[in-house]
Each structure stands twice: as C-alpha cells, then as structure tokens.
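Since the model is a prediction, treat every value here as computed from it, not as a measurement. We name chains A, B, ... by the order of the sequence lines, and we start the count at 1 in each one. What's counted below: heavy atoms across the whole structure, side chains too, no hydrogens, waters or symmetry copies.
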2 protein chains.
Amino acid sequence: MMELTRKGDYAIRGIIYLAGQPLDKISLLSDIAAAVDVPQTFLAKIFQQFSKSGIVRSYRGTGGGFMLARAPEQITLLEVVEAVEGPITPNRCVVAPGECDRDGFCTVHPVWEQVKRQIRQLLSGITLKDLANNENNPISATSKTVF
Amino acid sequence: MMELTRKGDYAIRGIIYLAGQPLDKISLLSDIAAAVDVPQTFLAKIFQQFSKSGIVRSYRGTGGGFMLARAPEQITLLEVVEAVEGPITPNRCVVAPGECDRDGFCTVHPVWEQVKRQIRQLLSGITLKDLANNENNPISATSKTVF
DNA sequence: GCTAACCGGACTTGACAGGTCTTTTAAGGA
DNA sequence: TCCTTAAAAGACCTGTCAAGTCCGGTTAGC
C-alpha cells in the first residue's frame with residue numbers, strides 16, 4: 001500500500017537530473033529521458049505538469065527544452081511529488097475537512113492527519129540540492145545529514 | 001497519492017466495531033456490515049484475510065461469526081492495515097533490498113526508507129483499544145494520548 | 001438433513017496508470 | 001515571408017487492478 005506511482009518515480013529521476021545540470025542550461029527532453037532511463041513520451045507528460053506547477057520552465061521550438069525554474073536548494077521533494085501525484089492523502093477522509101461523513105466520530109481520522117503531517121514534513125525538508133550529484137558516496141552523505 | 005484503498009478503510013471500520021463489542025461475543029458479519037455501512041459481500045472478503053492473518057477468529061455454521069483473536073490493546077493499527085493492504089512500501093524500491101537496480105546510487109532511496117519507518121512506527125503505536133468506543137469525545141481524547 | 005453462517009474462487013465493471021499519436025509553437029534559412 | 005524542422009503541448013488509446021458481485025462448497029447446530 002501507500003505506493004508512489006511510476007509517474008512519481010520517473011518525475012523524481014528526471015528532475016534530479018536537471019538539478020545536476022548547469023543552472024542556465026536548457027536540457028533536451030530526449031537527453032533527460034535517455035539519462036534516467038524513462039520512456040521519453042511518458043516523461044514529456046510529466047514535465048508538462050512540472051511546467052504548469054512552475055517547477056521547471058519550458059522553451060518550445062528549435063533550441064527549446066527544459067530547465068529548473070528555481071535553484072535546486074529552493075525546490076523540495078514534497079513539491080516535486082505533489083506536482084505529479086497530487087496532494088498527499090493517506091485516506092480520502094483527510095483530503096479536506098467535511099469530505100468524510102464519518103469525520104465527526106471517526107477515531108482513526110486524527111491518525112491519518114498525523115501520517116500526512118509527518119510525510120509532508122519529512123519530504124519538505126529535502127531539496128533537490130540534497131539529492132543531486134553528491135559525487136562522493138551519495139547515500140551515506142545524504143543519510144548523515146537527513147537522518 | 002499514497003492513498004489507503006477502500007478495502008483498508010472498510011477493514012479498519014469493521015475491526016473497530018469488533019473491538020467495541022464484548023470480548024467473548026461472536027458477531028455476525030451481517031451485523032458488522034450494517035453497523036459500519038460497508039457492503040456485506042465485500043466485508044466478507046476482508047474478514048477472511050483477517051482470519052488468515054490471525055487477527056480475528058471465525059466460526060462457521062449456525063451461531064457462527066467473528067470475534068477478535070486477541071485483546072484490543074494487543075492489536076495494532078499497523079497489523080490491521082498490513083493484513084489487508086500488504087506491507088507499507090512508499091516506493092517499489094524499498095520493498096526489499098536489491099529490488100531496485102538503481103539502489104546503489106539512488107539518492108532518494110534512504111528517503112523512502114525513512115518514510116516507511118515513520119509510518120510504521122506511528123501506526124504500530126496505536127491499538128484497537130485506542131480507537132474503539134471512546135465515548136466521551138473520542139477525537140480529542142485520542143489526540144491527547146497519541147500526539 | 002435442513003438451515004444458518006462463513007469459505008473461496010470466478011466473474012464484472014469502472015477508473016486510472018501507463019503509454020502513444022497528433023497538433024501547435026518557435027527558430028532559422030531560402 | 002514562407003517552408004522546414006525541432007521541440008513541447010495536448011488529445012487519445014489501452015491494459016491492469018481496485019472494488020464489488022455471484023454462486024457453489026463446507027462446516028456446525030438443531
């Protein structure tokens with residue numbers, strides 16, 4: 001349960017690649033797709049969503065492509081995930097107040113609220129800078145700072 | 001994203017009802033289904049899974065039905081959820097070591113591990129006793145103890 | 001052996017993840 | 001200023017799986 005979809009996975013791979021490129025470089029979709037091993041056509045749709053949510057800027061026509069709209073340290077993993085997967089909602093109950101008619105008496109309700117809070121807090125504390133190009137032993141480096 | 005399925009939702013409702021009944025009482029599936037407003041045929045499937053995982057005991061034939069296999073304070077929400085939804089895995093990567101071929105260099109990997117740990121820890125700290133029949137203002141009562 | 005109740009597999013349906021195809025936009029050269 | 005080509009945007013398709021339904025089978029009491 002609680003699985004990220006493949007779309008979300010691909011999205012993260014793709015944007016981490018962008019975060020590892022020079023900031024002012026416009027990257028081709030085809031390059032990104034090849035580098036992170038994702039079907040280009042599918043990645044295209046994902047980056048359209050990124051573009052709409054303002055995480056990346058897109059340029060059409062010859063010489064076009066994508067680049068980050070902000071610096072990597074100003075884009076959180078939470079933003080990235082929610083841009084393509086929608087808001088984090090462990091249960092339908094907690095998408096919005098009043099959504100669930102059992103709201104008033106359901107004792108599990110606050111549990112899901114808490115789960116939601118914890119995940120959002122964790123993901124919002126991680127930026128693309130943390131995730132990109134940690135050349136020297138990325139995992140342990142990341143692990144040390146984050147956990 | 002990260003949504004509990006309806007099955008999981010129903011499962012929790014159903015077992016909380018059981019936890020609110022006298023411990024030695026055998027409840028009819030039809031009663032449970034009516035009480036928590038879930039299609040009986042579907043709830044039947046769910047309770048079969050509960051029965052297999054040893055969370056509830058089932059009795060067939062006339063006078064049969066279901067009751068908790070253990071005391072409510074000894075059954076955690078984590079158990080209940082994982083019994084019907086399977087293990088909590090925010091990403092395919094983290095279901096098991098070696099599952100993901102990007103494992104070795106994927107910097108996001110430890111993040112999902114952490115998400116998984118946090119959710120499991122939170123859910124395992126909540127028992128059916130916490131969730132059942134808090135007559136006097138259930139939510140705030142639960143909120144105070146848990147959060 | 002009749003009836004109450006759960007067991008368990010097969011089937012149906014609708015939504016959505018996952019992927020493809022067509023249209024629009026922009027740049028650059030004849 | 002057209003035409004061609006590169007590239008993203010958007011419409012479209014399709015297979016899978018959640019969410020139920022149905023029905024014969026099995027077990028237990030009367």
Side-chain angles (χ1 to χ4, degrees), chain A residues 1-15 18 25-34 36-69 81 83-87 89-92 95, chain B residues 1-15 18 25-34 36-69 81 83-86 89-92:
Chain A
M1 67 159 295
M2 313 286 288
E3 269 193 29
L4 196 68
T5 66
R6 197 160 301 184
K7 181 158 79 168
D9 195 21
Y10 290 170
I12 295 172
R13 289 196 210 176
I15 202 144
L18 264 197
K25 179 188 165 193
I26 294 183
S27 298
L28 288 180
L29 186 63
S30 54
D31 289 348
I32 306 172
V36 300
D37 192 27
V38 169
Q40 179 177 339
T41 48
F42 195 22
L43 194 63
K45 255 174 57 175
I46 295 168
F47 269 72
Q48 281 172 37
Q49 288 187 263
F50 279 155
S51 179
K52 279 183 191 165
S53 10
I55 295 180
V56 304
R57 255 199 287 273
S58 72
Y59 301 91
R60 298 170 75 149
T62 311
F66 295 93
M67 57 181 244
L68 291 185
V81 170
V84 295
E85 300 271 16
T89 51
N91 198 344
R92 288 166 184 77
V95 288
Chain B
M1 67 156 296
M2 314 286 286
E3 270 192 29
L4 195 67
T5 66
R6 200 160 298 185
K7 181 157 80 167
D9 195 19
Y10 292 169
I12 294 172
R13 289 195 209 175
I15 203 146
L18 265 196
K25 181 188 165 194
I26 295 182
S27 298
L28 287 180
L29 185 63
S30 53
D31 289 348
I32 307 172
V36 300
D37 192 29
V38 169
Q40 179 176 340
T41 48
F42 194 24
L43 194 63
K45 286 286 186 308
I46 295 169
F47 269 71
Q48 281 173 34
Q49 286 188 264
F50 278 154
S51 179
K52 279 183 190 164
S53 10
I55 295 180
V56 305
R57 255 197 288 274
S58 70
Y59 301 92
R60 299 167 74 152
T62 312
F66 295 94
M67 55 182 248
L68 291 186
V81 170
V84 295
E85 300 270 19
T89 50
N91 198 341
R92 288 166 183 74

Who passes side chain to side chain contact (heavy atoms under 4.5 Å, CB included) against A/K52, sequence neighbours left out? none
Which residues in residues 45-64 of chain A have a heavy atom closer than 4.0 Å to any atom of DNA chain C? A/K45, A/R60, A/G61, A/T62
Taking CG from A/D37 and P from C/dG19, how many angstroms apart are they, rounded to a whole number? 11 Å
Side-chain donor/acceptor pairs under 3.5 Å, residues 41-48 of chain A, sequence neighbours excluded:
none

OP1 or OP2 of C/dT20 sitting under 4.0 Å from any side-chain N/O of A/T41? yes
Could you tabulate the donor-acceptor pairs under 3.5 Å formed by side-chain atoms of residues 57-66 of chain B, not counting sequence neighbours?
| unit_1 | atom_1 | unit_2 | atom_2 | d |
| --- | --- | --- | --- | --- |
| B/R57 | NE | B/Y59 | OH | 3.3 |

Rounded to the nearest angstrom, tell me the gap between atom CG in B/L43 and atom P in C/dC7. 12 Å
So, using side-chain hydrogen bond (donor to acceptor under 3.5 Å, both in side chains) as the criterion, who are the partners of A/Q40 when residues are at least two apart? none
Separation of atom CG in A/L29 from atom P in C/dG19, rounded to whole Å: 15 Å
From CE of B/M67 over to P of C/dC6, roughly how many Å is that when rounded to an integer? 14 Å
Whole-Å gap separating C1' (D/dA8) and CZ (A/F42): 17 Å
How many Å lie between CZ on B/R6 and C1' on C/dG14, as a whole number? 11 Å
Please assess A/I15 against A/L68 for the test side-chain contact (heavy atoms from CB on, under 4.5 Å), listing each intermediate value before the final yes or no. CA-CA 8 Å; A/I15 202 144; A/L68 291 185; 3.7 Å; yes
What's the CD1-P distance between A/I26 and D/dA8, to the nearest Å? 10 Å
Does B/T5 put a side-chain nitrogen or oxygen below 4.0 Å from OP1 or OP2 of D/dA19? yes
Report the distance from atom OH of B/Y10 to atom P of D/dA19, rounded to the nearest whole Å. 8 Å
Which nucleotide in the list C/dG19, D/dA19, C/dA5 gets nearest to the side chain of A/P39? C/dG19
Beyond-backbone contact of A/I12 with A/V84, side-chain heavy atoms, under 4.5 angstrom: no
Got a donor-acceptor contact below 3.5 angstrom from the A/E85 side chain to the A/L4 backbone? no
